[in-house]
Amino acid sequence: MADTRQSIEGPNVPVRPTVERPLGAPACAATFGSDIAADTLRALDISYITLIPGASFRGLHDSLVNRLGNERPTILLCLHEEHAVAIAHGWAKVTGRAMAAAVHSNVGLMHATMAVFNVWCDRMPVLLIGATGPVDADKRRPWIDWIHTARDQGALIRGYTKWDDQPASPAATREALARAKWIAETAPQGPVYINLDAGMQEAELTSPLPPLDVARLTPAAGSAPDPDLVNRAAAALADAKRPVVLAGRGSRRSDAWERRVALAERIGARVITDLKLGAVFPTDHRLHAGAPAVWLDADASATLEEADVILSLDWVDLGGTIRAVFGTAGPPATIIHASLDHRLHGGWSMDYQALPPVDMLLAAAPDAVVGALLDALQARSSKPKAEPRPFPIGAVLPGSLRIAELAHGLRRAAEGRQISLLHLPLSWDGKLWPFRHPLDFIGQDGGGGIGAGPGISVGAALALRDSERLPIGICGDGDFLMGATAIWTAVHYRIPLLIVVANNRSFYNDEVHQERMARIRGRPVENKWIGQRIADPDIDIAALARAQGARGFGPVARGEDLIAAFTGAIAAVDAGGVAVVDVLIEPGYTPAMSAAVARSAD
Ligand SMILES: Cc1ncc(C[n+]2csc(CCOP(=O)(O)OP(=O)(O)O)c2C)c(N)n1
Ligand SMILES: [Mg+2]
């Protein structure tokens with residue numbers, strides 16, 4: 001059976017010595033409960049732990065610094081709990097692995113909730129560590145320990161985590177952490193939460209614990225599709241006249257990418273990809289239909305409408321997509337769905353989406369299904385390989401800018417480089433940028449929680465730090481401003497990163513909604529900007545970057561200044577720094593995006 005835990009190729013992502021090195025030798029013996037927790041994080045190969053400090057885990061903090069010497073895991077100090085989780089999220093999006101994030105008892109967790117929701121909806125592994133107590137009321141300090149103790153803290157996030165626990169002893173803590181990481185990284189992946197009792201952390205150990213056999217506690221939990229179903233699905237795909245692959249969630253591995261391409265070529269399927277998710281198929285391939293989009297564009301919709309067999313590879317919202325294209329009667333096409341997502345569905349959040357009509361459910365990780373289908377279709381010859389579609393870079397004309405010029409300018413300034421797009425703004429158009437490798441784009445925030453872009457970009461840039469890739473996060477101004485102080489962590493820990501702000505000086509998404517309201521109600525559309533525009537005063541985004549030790553460029557308002565600003569920023573990143581370029585763009589979305597954003601249930 002296939003190991004469904006994903007990782008980027010090659011050795012583990014290297015961990016460099018941190019800029020925060022403790023004095024003195026690490027304590028050689030585990031003496032306190034929190035020493036056991038820290039040792040377990042190292043045994044579980046957790047490279048980093050993001051955190052905002054808090055007294056509820058001062059025991060663990062001391063163990064990380066003075067027992068482990070702030071190595072494996074290394075602390076990444078953040079300025080908001082939302083960033084702490086978003087950074088772990090970005091790391092997971094590149095590596096497929098869980099980083100730890102520690103948040104203070106109840107209040108830190110409350111700050112973190114939206115980011116945890118994003119991780120959950122994005123099906124990414126993160127090991128969230130919290131604290132409480134002391135649970136034993138007799139040991140609590142007056143006031144503060146009482147307000148920071150809650151009976152069931154995990155309840156705050158139980159609706160959007162895979163598992164949570166509050167272990168009561170060091171031995172139980174070890175087991176809980178091992179189980180947590182194992183569950184988080186097993187497909188379908190997701191965030192988990194371990195709540196450490198402050199009393200347990202700070203208590204001296206009464207007896208040594210036996211050695212921990214992590215490998216046996218966290219066996220590879222592979223999944224494989226039913227062989228009969230695979231044969232039936234392969235036969236349906238082989239016989240199909242107009243097969244379409246809805247290529248949804250997939251790993252960042254390039255061997256998995258190549259197998260998806262081989263499968264599409266072998267059955268001659270058109271392939272549709274999703275801009276919410278990391279790249280899974282070359283968007284300049286002749287078989288790729290339309291452009292990657294958050295909602296299907298006209299070309300992709302028309303292609304799907306013609307399909308006689310649809311293969312969904314863990315497509316997000318298969319039911320909703322089918323309904324949007326075919327109406328409630330569903331398509332005449334045969335639908336094959338490769339997914340384990342149903343195993344995660346709970347009752348609190350509806351991120352499970354509409355129930356899709358499915359003729360064959362291949363209940364396994366989608367990349368495992370691709371491999372099995374390819375094996376079953378081995379006898380079938382592939383059509384000759386087609387040349388990729390040309391993807392020329394558009395011109396950047398003088399004068400005011402739109403998102404298209406921003407993209408063309410960036411492509412020009414970085415021509416010849418391997419670029420990883422770590423985040424994209426809502427105004428993005430999938431036509432602007434080809435994805436030719438799984439790390440060309442790592443997908444969006446998952447849960448639609450604005451403010452995640454900077455943090456996700458920082459975490460992903462950390463995972464890419466020792467690669468050849470130029471890490472670029474492009475954020476809307478609303479998104480950037482909510483998450484702006486995440487970049488301090490990148491500056492402080494020397495994580496090279498370019499952030500480009502697609503600054504339309506508005507929460508423009510919601511202007512589209514107000515316009516829709518005005519039109520339906522026959523009221524003045526001209527008022528749609530009120531309570532939406534982020535202007536008067538304009539925010540000096542470059543100054544926000546400079547205030548945190550990053551290089552700030554802009555505001556760039558004209559095409560003639562764009563490439564020089566990007567070139568300067570890329571040079572700063574190549575020198576190991578963090579750069580932020582503020583680009584003023586005209587508001588506007590793609591037609592498919594505008595239509596879908598403002599759609600009502602009519
Ligand atoms: C935490 C959160 N608050 C509010 C919203 C509602 N919302 C959706 S998009 C959006 C605007 C985002 O602004 P920006 O990042 O500048 O992108 P733009 O729409 O201007 O392209 C808002 C406020 C949300 N999704 N998440
Ligand atoms: Mg905006």
Side-chain angles (χ1 to χ4, degrees), residues 80-83 85-86 89 110-122 157 160 275-276 293-295 349-351 400-407 421-430 432 443-457 472-487 499-517 528-542 544 554-557 580-600:
H80 195 294
E81 282 84 358
E82 226 172 73
H83 310 338
V85 176
H89 185 178
M110 288 172 187
H111 255 184
T113 50
M114 187 207 77
V116 178
F117 182 68
N118 277 338
V119 174
W120 165 261
C121 293
D122 204 24
I157 52 168
Y160 42 98
L275 201 58
K276 296 189 282 299
V294 172
W295 280 281
S349 159
M350 311 285 151
D351 63 278
S400 64
L401 298 162
R402 294 162 308 151
I403 191 72
E405 281 82 38
L406 182 156
L421 293 179
L422 311 178
H423 189 75
L424 290 172
L426 295 165
S427 50
W428 194 253
D429 182 342
L432 296 171
Q444 297 289 48
D445 49 59
I450 298 291
I456 287 175
S457 300
I472 306 180
I474 311 178
C475 304
D477 50 327
D479 184 48
F480 177 79
L481 289 166
M482 282 195 217
T485 55
I487 66 167
I499 295 271
V500 176
V501 181
N503 184 0
N504 53 18
R505 284 163 289 181
S506 174
F507 288 115
Y508 177 71
N509 174 83
D510 292 82
E511 289 195 46
V512 180
H513 284 290
Q514 294 319 124
E515 179 171 341
R516 168 86 177 173
M517 286 291 97
K528 67 175 184 175
W529 63 276
I530 295 176
Q532 310 278 0
R533 293 274 166 93
I534 311 171
D536 189 20
D538 282 354
I539 295 174
D540 190 341
I541 285 176
L544 286 179
V556 182
V580 176
V581 187
D582 178 14
V583 183
L584 300 185
I585 58 166
E586 303 291 330
Y589 284 169
T590 62
M593 184 74 173
S594 293
V597 164
R599 200 179 141 220
S600 52

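Ligands are counted one by one from 1 in listed order, and the atoms in each one are counted from 1 as well. Note that the structure is a prediction, hence the values are computed from the model and not measured.
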Asp445 side-chain N/O to Gly448 backbone N/O, donor-acceptor pair under 3.5 Å: yes
Backbone of Gly449 reached by a side-chain donor or acceptor of Asn118 within 3.5 Å: yes
Exam field: side chain Tyr589 to backbone Asn509, donor-acceptor pair closer than 3.5 Å: yes
Can you list the protein N, O or S atoms less than 2.8 Å from the Mg ion (ligand 2)? Asp477 OD1, Asn504 OD1, Ser506 O
If the threshold is 4.0 Å, N to carboxylate O, is there a salt bridge linking Arg505 and Asp538? yes
Spell out, as yes or no, whether a donor-acceptor pair under 3.5 Å connects the side chain of Lys528 to the backbone of Glu511. no
Hey, is Gly448 one of the residues with a heavy atom under 4.0 angstrom from ligand 1? yes
Atom 8 (C) of ligand 1: the protein heavy-atom neighbour that sits closest, reported with distance to 0.1 Å: Asn509 ND2, 3.5 Å
For atom 22 (C) of ligand 1, what's the nearest protein heavy-atom neighbour? Residue, atom name and distance, please. Asp510 OD1, 3.1 Å
Would Phe480 count as a contact residue for ligand 1, given that I'm defining contact as a non-hydrogen atom of the residue lying under 4.0 Å from a ligand atom? no
Distance-only polar pair, side chains of Asp122 and His89, donor-acceptor under 3.5 Å: yes
Within-shell test, Pro425 vs ligand 1, heavy atom, strictly < 4.0 Å: no
Taking all heavy atoms of Ser457 and all of His423, pick out the closest pair and write down the distance. OG-CB, 3.8 Å
Atoms in ligand 1 with a heavy atom of Met114 nearer than 4.0 Å: 1 (C)
Regarding atom 5 (C) of ligand 1: of the candidates Ile403, Ile450, Asn503, which has the closest heavy atom? Ile450
Given Asn504 and Ser506, is the side chain to side chain donor-acceptor pair (under 3.5 Å) satisfied, shown in steps? CA-CA 5 Å; Asn504 53 18; Ser506 174; 5.0 Å; no
For Arg533, I'd like to know if atom CZ has over 12 heavy atoms of other residues, nucleotides or ligands within 6.0 Å. yes
For atom 18 (P) of ligand 1, which of Phe507, Tyr589, Phe117 has the closest heavy atom? Tyr589
Please confirm whether the backbone N or O of Leu424 pairs with a side-chain atom of Gln444, one donor and one acceptor, at under 3.5 Å? yes
Look at atom 3 (N) of ligand 1 and say which protein heavy atom is nearest, naming residue and atom and giving the distance to 0.1 Å. Met482 CE, 4.3 Å
What residue and atom, counting heavy atoms only, is the protein's closest point to atom 15 (O) of ligand 1, and at what distance? Asp479 N, 3.0 Å
Around atom 17 (O) of ligand 1, find the nearest protein heavy atom and jot down its residue, atom name and distance. Leu426 CD1, 4.0 Å
Heavy atoms only: give me the nearest Pro454-Gly483 pair and the separation to one decimal. CB-O, 3.3 Å
Can you name the side-chain contact (heavy atoms from CB on, under 4.5 Å) partners of Ile450, sequence neighbours left out? Leu426, Asp479, Met482
Hey, can you tell me if His111 and His80 have their rings parallel, tilted or perpendicular (30° and 60° cut-offs)? parallel
Could you tell me which atoms of ligand 1, counted from 1 in the order shown, lie closer than 4.0 angstrom to a heavy atom of Tyr508? 18 (P), 19 (O), 20 (O)
Under 4.0 Å, heavy-atom basis, I'd like to know which part of Cys475 is in contact with ligand 1: side chain, backbone, both or neither. neither
Pick from Gly478, Ala502, Gly483: the one approaching atom 14 (P) of ligand 1 most closely through a non-hydrogen atom: Gly478
